[in-house]
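All remarks here apply to the structure that follows.
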Amino acid sequence: MALSSTFRPNPNPCTSGVVSSPRRRFGSFAFESSKSLFGSKLLAGKSLSLSTRINRPEAVISASSHTFDVVIIGAGIIGLTIARQFLIGSDLSVAVVDKAVPCSGATGAGQGYIWKVHITPGSDKWELAMRSHKLWEMLAESIHDQGLNPLEVMGWKKTGSLLIGRTPGDSDLLKRRVQQLSEAGLQAEYLSGHDLLQEEPALMVGEDSSAAFLPDDCQLDAHRTVAFIEKANRDFASKGRYAEFYHDPVTCLLRSGSHEEVEAVLTSKNTLYSKKAIIVAAGCWSGSLMHELLRESEILLDVPVKPRKVSSNVLTCSCTA
């Protein structure tokens, strides 16, 4: 059974989501990847370098201090996967810190869709989506090579995906989308209303409906996948290369006095020093988290992502004769 979503053109595709402000703007924020690792430095060098003078209260350093090469904020599926890549692809030590536990945020609420049907080839997100899909496929293949079943270990399924339109205008857009995806090298099909009902007879669609169908799109079970990755990460704990700090929210970023570089993460219980990089992997909460951590500074950092709550309503009817 293919997974479906409804086609909704963006009414305002030019909206950037960047907020302007008269305050001083931090102008050279960038991410660098480390070879093939799923990790990024906040800036070239050790970490995030601040070019403005900060007026802030003195941070209280916790008596419980630890030092790692990399500190990752966020223990969702992305944060734990970044940790995994560092652990298996380098000799760096890694700490993961989270205000709760894995799968307590978007990871646990999400459906684990790994889709390309809704991404436009050549867009800003296209290369990232293709890379992400390939890496998840590689993980599933590596699990299979270990003699395990990816379906049982991580709920991995090639479900396919449907992007559904309900009007003739939607159909024209979907035809162009299928052409774009096909030209980009993906297996993509246009389904008429009749073909769509043949594929998914339970859908409540009319004659004017249509869909773009990508049979190779996948889905995973986030809870199973996180449990698998977390277990593999913990194998490095005995070597002194991995540690978890759960139920320990980040409260402040500690900066060095001489260079104003971020050198540690302060939490409610610990001070976690980083020798190489501090990575914010809080997903859709990254923007609000960075805003909170920098609230006492004159720096404005625009991270145009925010959480969005989606509700599903199921109507159950009971009929009597």
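These numbers were taken from a predicted model, which means no experiment stands behind them.
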Spacing of CD1 belonging to Ile82 relative to CG belonging to Asn233, to within rounding of 0.5 Å: 11.5 Å
Short side-chain to backbone donor-acceptor contact, Thr81 and Ile77, under 3.5 Å: yes
Atom CD in Glu141, atom NZ in Lys134: separation rounded to 0.5 Å? 6.0 Å
Under-4.0 Å salt bridge between Lys116 and Asp217: yes
Do Leu253 and Leu266 make a side-chain contact, defined as non-hydrogen atoms from C-beta onward lying under 4.5 Å apart? no
Kindly give the heavy-atom pair with the smallest separation between Phe213 and Gly160, and that separation in Å. CE1-CA, 4.3 Å
Would a 4.5 Å heavy-atom cut-off, applied to side chains only, mark His133 and Cys218 as touching? yes
How about Val94 and Ile72: do any of their side-chain heavy atoms sit closer than 4.5 Å? yes
Rounded to the nearest 0.5 Å, what separates atom CZ in Phe228 from atom CE in Met154? 8.0 Å
Show the numbers, then the answer: is there a side-chain contact (heavy atoms from CB on, under 4.5 Å) between Val70 and Ile279? CA-CA 8 Å; Val70 180; Ile279 300 171; 3.8 Å; yes
Donor on one side chain, acceptor on other, Ser142 and Asp145, under 3.5 Å: no
Give the ring-plane orientation class for Phe245 versus Phe68, where under 30° counts as parallel, over 60° as perpendicular and anything between as tilted. perpendicular
Sub-3.5 Å donor-acceptor pair from the side chain of Ser90 to the main-chain atoms of Phe86, do we have one? yes
Would Glu244 and Arg234 count as a salt bridge (Lys or Arg N to Asp or Glu O under 4.0 Å) if you check the C-alpha gap in whole Å, the side-chain angles of each, and the deciding distance to 0.1 Å? CA-CA 9 Å; Glu244 298 165 348; Arg234 288 173 176 172; 2.9 Å; yes
So Glu230 and Pro102, do their side chains get closer than 4.5 Å, heavy atoms only? yes
I'd like to know whether Thr167 forms a side-chain contact (heavy atoms from CB on, under 4.5 Å) with Asp208, so could you lay out the CA-CA distance, the side-chain angles of the two residues, the decisive distance to 0.1 Å, and finally the verdict. CA-CA 5 Å; Thr167 68; Asp208 292 332; 5.8 Å; no
Quick check against the 3.5 Å criterion: does Thr120 have a side-chain atom that pairs as donor or acceptor with the backbone of Ser123? no
If I take atom CG from residue Asp216 and atom CG from residue Leu214, how far apart are they, to the nearest 0.5 angstrom? 7.5 Å
Minimal heavy-atom distance between Leu174 and Ser210, with the atoms involved, is CD1-OG, 3.5 Å
For Val226 and Thr107, run side-chain contact (heavy atoms from CB on, under 4.5 Å): C-alpha distance rounded to whole Å, both residues' side-chain angles, the deciding distance at 0.1 Å, then the answer. CA-CA 9 Å; Val226 162; Thr107 294; 3.9 Å; yes
For residues Ala264 and Thr271, report the shortest heavy-atom separation together with the two atoms involved. CB-CG2, 4.1 Å
Donor-acceptor check, side chain of Arg177 to backbone of Leu163, threshold 3.5 angstrom: yes or no? no
Arg166 (side chain) donor-acceptor with Val205 (main chain) under 3.5 angstrom: no
Would a distance-only check, ignoring hydrogens and angles, find a side-chain to backbone donor-acceptor pair under 3.5 Å from Asn270 to Ser65? no
For Asp248 and Thr267, indicate whether the former's side chain and the latter's backbone hold a donor-acceptor pair under 3.5 Å. no
Reported CZ-to-OG distance for the pair Phe236 and Ser93, which is rounded to 0.5 angstrom: 12.5 Å
When you measure from the side chain of Arg241 to the backbone of Leu87, do you find a donor-acceptor pair of N or O atoms at a distance under 3.5 Å? yes
Nearest-0.5 Å distance, OG of residue Ser274 to CD of residue Glu263: 10.0 Å
Tell me if a side-chain donor or acceptor on Thr67 pairs with a main-chain N or O of Tyr273 at a distance below 3.5 Å. no
Looking only at heavy atoms, the pair that brings Ala222 and Cys103 closest together is O-SG, 4.1 Å
Heavy atoms, side chains only, cut-off 4.5 Å: are Leu289 and Ile73 in contact? yes
Contact check, side chains of Leu220 and Ile114, non-hydrogen atoms, under 4.5 Å: yes
Taking all atoms of both residues into account, what is the closest heavy-atom pair of His223 and Gly108, and its distance? NE2-O, 3.5 Å
Work out which heavy atom in Val178 is nearest to a heavy atom in Ala212; give both atom names and the distance. CG2-CB, 3.6 Å
Would you kindly confirm whether Leu139 and Leu151 end up in one hydrophobic cluster when ILVMFWY residues are joined by side chain heavy atoms under 4.5 Å apart? no
Less than 4.5 Å apart, side chain to side chain, heavy atoms only: is that true for Lys99 and His247? no
One pair to check against side-chain contact (heavy atoms from CB on, under 4.5 Å): Glu261 and Arg255. What are the steps and the verdict? CA-CA 5 Å; Glu261 292 183 343; Arg255 302 176 180 88; over 6 Å; no
Is a salt bridge present between Arg131 and Glu127, judged by a nitrogen-to-oxygen distance below 4.0 Å? no
Using a 4.5 Å cut-off on heavy atoms from C-beta on, say whether the side chain of Tyr190 contacts that of Asp195. no
Using only atom types and a distance under 3.5 Å, with no angle test, would you say the side chain of Glu207 pairs donor to acceptor with the backbone of Gly193? no
